[in-house]
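See structure below.
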Amino acid sequence: MLSSLAFPPVAAWPLAFVALALLMIGLRNATPARGFALGLVFGLVGFGLTLSWLQLFGTLAWSALTMLTAASVALFGACFPMVRRSGHPILNALGAAALWTAIDWLRGLWPLGGFAWGSLGASQVANPVTVRLAVVAGVFGVTFGVAFAVALLVEAAGAERAPTRLTAIGLAAIATLGPAAIPFAEASGRQIDVAAIQVDFLEGVAGRSREEGDIAVTRFNLELHATLSEDPPDLAVWGESALDPGSLSILDEVRSAIANVGTPVLSGATSADIRSAGEGGDALFNQAVVFDGGGAVVDVYRKTHLVPYGEYIPWKAVVGWISALEQIAYELTPGERLHTLTAPGLPPFGAPICFENSFPALDRELVRQGAEFLVVLTNNASYDRTAASAQHLQMSRLRAIEDGRWIVHAAVSGISAFIDPTGRVHDETELFEPALIRHTIRASSERTWSVRLGDWLPILSSVIVVGLAVVPRRRRRELLDPEPLAEGVRSLVILPTYDEAATIRDVLAGVLEHPGVDALVVDDSSPDGTARIVRELMAGEPRLRLLERPTRSGLASAYQEGFRRALEERYDLIVEMDSDLSHDPVQLGALLDGARDRFHLVVGSRYVAGGSVTNWSRFRLALSRVGNTYARLMLGVPVHDATSGYRIYRRELLSDLVAEPFHADGYGFQVELVMRSWLRGWSIGEVPITFREREHGHSKLSRRIVVEALWLVTRWGIALRATGRPYRGGPSAA
């Protein structure tokens, strides 16, 4: 509710700070789901009240647009946890401001060309300090400034250390008061005497047919225009819809009235091609038409950004059944391009029409094309005496500041006004009161930084948000590096098997050559007799054991059973190893040395210096490298080969890992163990190995296993960024 009060009719701009602060306080420890809900409620109430004037067009129109705009705040709430970093208040404030700014920018682009009404920056047009940010970064600079200051104060309120609190408060003060040093643009070009005419549109159309109403409104404009004959201005402006379709029947009368005064006229005309009245076909355009002093049409701009479901009906075949669409009197055709206008004796100027003025990029492009002042033609009569007209004037004030141009805000029935490059309003009219206002404005060819640089800040904000979201949170180190193990270390190598009869003898012979190492074969009833071979070898080797399982149950469950056995028998080091000779038993010694001397977990890595892969296709090697790089980036683990199945755990680490259920199988299982080890603070090291593709049997790798692993890594990575945990109950990251 407070956010809506920052906009007209109340226009209490300080309340925007308060409302956003309350939202950010509620989001500080929120999950994405709770953040989405909080943001949605905030948006529904705030935008619902701000856009209440849409109720004039029915509940469906109001509720649909309110829901659409509220979704942007809900998105902010859902993404807010993903840009936060515990213990980094300045970075948190930067992320929050960037996230709000980026979403506000995207809301003005999509869907259907976007809807920029109700922007946080627009609420600050009466704020004499913060609004100056628009000179260098447009409305999004103001938005960012407000959000950054608010986020800093929220971080300061929650800071535990006094220095952190003071730093955040100091930066908030700079963000709030610092823009006072930014000068407004000055228009120093030629002086232009402009008159703007406003009529009572509702009186003109009341009780008349559509064509009769069009003619009545036009004649109201002609009557006021005639009063300029004794002292003609440099330019007279009639608002949007001053010449509607029915008015073309009296076009000769219009031309004659203009010629009697002898001054150029810019008029809104929602009609067919006014340059060839009666010959332009059925297409209707919303036009800004320039007449010279003799009444001839010398230039026309056709509105390019039409109002969805106001001036045209998107997806008509799908939504055409909605009765509320019958309120649209006629559908318009958009203009082909955005361009400036020229009138005799005047510098080039731009004439954005009504809804177009809510999009800063459109006015900015007109200035880049050489417009030395802007005229906003608008109707707004359909909004009756609601706050819509005052909210529209807010946006014209911001356009004047960010573009450094005088703006003539000419409404057919109000509010009309002249706005200088500081955003100050001159000669403001009341709604539906016939008036002729006149002011001397100044042209300008200077360009503000906002015009020169465009949407640099929302683009930068998007980069910041993506960066904070992509770079995972660093884990909290809670455990010291382990002490070297004493003599007499007992090690158990776990060897899952399925149809490994061709290699199991050589593998076991190589493993058992290492002193102090036992071997446990976990066989899933291999049809080729692998278990029989192991039993034969056990007769002469007490360090060899066999665990037979009745069915093929998968790699993860085989290792879990081996882990359980190893922990029950209190082995110091537990080894994962393939049984197909792809893992060379000779290299086991180097891994054992690393586990004894330095690390809780040692990974045999193919992708560190000295590591390699043989007998793989380029595609499979590339797939493995990309997958491991992806896992490293998504999960933040400092391991180059997280999918490697050649590794050693110390007992204390493995006891910690098996204390909760695993969520993956195959490659995903290997990645999960590395991730959980890292997040829990255990030390991890990599030892180079040479991986040799198996020469006997068939690889157990399948497309399903690869896809499952990628999906799990993606899901865990997103969850880590959003909640600090890879899954519910999982280890946390700082």
Side-chain angles (χ1 to χ4, degrees), residues 1-83 96-97 99-124 139-140 143 146-147 150-151 154 307-310 314 319 322 324 355 358 383 386-388 390-392 394-395 465 722:
M1 182 179 294
L2 292 178
S3 67
S4 70
L5 296 177
F7 295 92
V10 177
W13 60 263
L15 294 181
F17 286 80
V18 179
L20 187 56
L22 293 175
L23 174 63
M24 288 189 180
I25 290 172
L27 292 174
R28 287 200 64 191
N29 297 308
T31 63
R34 184 169 181 268
F36 181 90
L38 287 174
L40 185 62
V41 171
F42 182 96
L44 288 174
V45 175
F47 282 112
L49 293 173
T50 302
L51 304 177
S52 58
W53 41 267
L54 275 168
Q55 291 274 14
L56 295 170
F57 303 95
T59 302
L60 178 61
W62 170 75
S63 58
L65 197 52
T66 297
M67 180 62 72
L68 180 65
T69 49
S72 65
V73 191
L75 179 62
F76 172 81
C79 296
F80 188 77
M82 299 179 68
V83 299
L99 179 62
W100 187 282
T101 303
I103 291 176
D104 215 32
W105 177 56
L106 292 173
R107 179 167 68 87
L109 299 174
W110 183 88
L112 300 175
F115 184 72
W117 213 283
S119 170
L120 176 63
S123 71
Q124 300 302 299
V139 62
F140 300 110
T143 296
V146 173
V150 168
V154 171
V307 181
Y309 302 107
V319 302
I322 299 176
F355 183 60
S358 64
Y383 303 121
T386 66
Q391 291 172 10
H392 196 181
Q394 267 191 327
M395 288 184 282
V465 170

If you measure from [atom1] on [X] to [atom2] on [Y], what distance do you get to the nearest 0.5 Å?
X      : Y      : atom1 : atom2 : answer
Ile25  : Leu20  : CD1   : CG    : 10.0 Å
Leu75  : Leu106 : CG    : CG    : 8.5 Å
Thr143 : Trp105 : OG1   : CH2   : 13.5 Å
Thr31  : Leu38  : OG1   : CG    : 9.0 Å
Trp13  : Gln394 : CH2   : CD    : 13.0 Å
Phe80  : Arg28  : CZ    : CZ    : 8.0 Å

Closest heavy-atom contact between [X] and [Y]?
X      : Y      : result
Ala70  : Gly43  : CB-C, 3.4 Å
Leu15  : Leu2   : CB-O, 3.6 Å
Gly46  : Ser3   : CA-OG, 3.4 Å
Leu120 : Ala147 : CD2-N, 4.4 Å
Thr69  : Phe115 : CG2-CD2, 3.5 Å
Pro81  : Pro32  : CG-N, 3.9 Å

Exercise. Look at the side chain of Trp62 and the backbone N and O of Gly48, then say whether any donor-acceptor pair between them is shorter than 3.5 Å.
Key: yes
For the residue pair [X] and [Y], establish whether any side-chain heavy-atom pair is separated by less than 4.5 Å.
X      : Y      : result
Leu23  : Trp100 : yes
Ser119 : Arg107 : yes
Phe47  : Val73  : yes
Tyr309 : Leu112 : yes
Trp117 : His392 : yes

Quiz item: What residues, two or more places apart in sequence or in another chain, satisfy side-chain contact (heavy atoms from CB on, under 4.5 Å) together with Phe36?
Solution: Leu40, Ala74, Ala78
Quiz item: Please, which pairs that meet side-chain hydrogen bond (donor to acceptor under 3.5 Å, both in side chains) have at least one residue in residues 36-53, sequence neighbours excluded?
Solution: Trp53-Gln391
